[in-house]
Amino acid sequence: PHDKEDEDGKICSSPQRMVLDTEDSLNISEDVWIVNKPIDVKDKIIIEKQVIILPGGSFEGDDSSEIVFKKPVSILSRDRVFSLDLRLEYLPGVFTNLDITWWGANGMDREDDTKAIQYVLTLASKSGCEQITIPIGQYLVSRQLEMLGQEGNHQSLVIQGVATSYDGQHGSALLWNGTEGESMVVVRNTSQSIFENVEFGVIPGHKIKSNIEFRPSCNQILFQNCAF
């Protein structure tokens, strides 16, 4: 079945296919779809075209919505691109990098970024994406983040900041503002991974058990230009 728009102009899609030639997009070829406006996703959609998402383009949905990408996705935006409630799946090679800002993390405000960062860590673990980017900014973490590879299949991941920070004011910084007694990041079942250009700091007045806590089984973890 083909997809259609409902009375509000939102895209209704069957699980089998999605018609992409809507007013919310611009088709430049049979194989490429440019998204330049918000797309409201209902149900489950499977996209079998290469996708380019421009500033202003996004996919919106709730926990009953799901989107599956089967071909490469290029995102030319540092704004939020995906709703946190929208379920996302993709084939290997669709994303070579996941940017935490695409799920709403904002290092330029004073809002909590925990949920967005954890979403990306979980997505990378499930999908096998090998790099997460943390742009310049101060990202507030109020609850323990978990970087958990699959048991028996250790994850290799690069956590890549854009620039080194040593004072919580410059570069790419994760700053703890949660309760005492928790670690900011717990790493498990991970090997041959790299943390680069990231500060793991604490907001004044807050206490932390440890910046990073390693649990079985982790090996060959490299830190480059990081601060604690």
G61 and D85 have their tightest heavy-atom pair at O-CB, 3.9 Å

Please determine, by modelled atom types, if E60 and S83 share a side-chain donor-acceptor pair under 3.5 angstrom.
-> yes

Classify the ring geometry between F200 and F228 as parallel (under 30°), tilted (30 to 60°) or perpendicular (over 60°).
-> parallel

Would you mind reporting whether L174 and N211 have side-chain heavy atoms less than 4.5 Å apart?
-> no

Which atom pair, heavy atoms only, marks the closest approach of I221 to T190?
-> CD1-O, 3.8 Å

Can you measure from CG (D62) to CG (L84) and round to the nearest 0.5 angstrom?
-> 13.0 Å

Are any non-hydrogen side-chain atoms of H206 and L175 less than 4.5 angstrom apart?
-> no

Distance-only donor-acceptor check, side chains T101 and D99, under 3.5 Å = yes

Regarding Q118 and T114, is there a side-chain donor-to-acceptor distance under 3.5 Å anywhere?
-> no

Check: T133/N97 side-chain N/O donor and acceptor closer than 3.5 Å | yes

For M108 and I136, the nearest pair of non-hydrogen atoms, with its separation, is CE-O, 3.3 Å

With a 4.5 Å limit on heavy-atom distance, are the side chains of W103 and L123 in contact?
-> yes

Between V35 and S58, the two heavy atoms sitting closest are CG1-N, 4.1 Å

Run the numbers on D31 and Q50 for side chain to side chain contact (heavy atoms under 4.5 Å, CB included), then give the verdict.
-> CA-CA 6 Å; D31 298 318; Q50 180 180 348; 5.7 Å; no

If you measure from CZ on F195 to CG on L222, what distance do you get to the nearest 0.5 Å?
-> 10.0 Å

Should S65 and V41 count as side-chain neighbours, where that means a heavy-atom distance under 4.5 Å?
-> yes

Kindly indicate whether the side chain of P135, heavy atoms from C-beta on, has any atom under 4.5 Å from the side chain of I100.
-> yes

Is it true that R215 and E213 have a side-chain N and a carboxylate O under 4.0 angstrom from each other?
-> yes

Run the side chain to side chain contact (heavy atoms under 4.5 Å, CB included) check on T96 and Q131 step by step: do they pass?
-> CA-CA 7 Å; T96 58; Q131 180 167 315; over 6 Å; no

Y90 side chain reached by V73 side chain, heavy atoms, under 4.5 Å | no

Looking at side-chain heavy atoms only, is the closest gap between Q138 and R110 below 4.5 Å?
-> yes

So NZ of K126 and CG of L148: to nearest 0.5 Å the spacing works out to 11.0 Å

Given side chains that start at C-beta, do those of I212 and F223 come closer than 4.5 Å, heavy atoms only?
-> yes

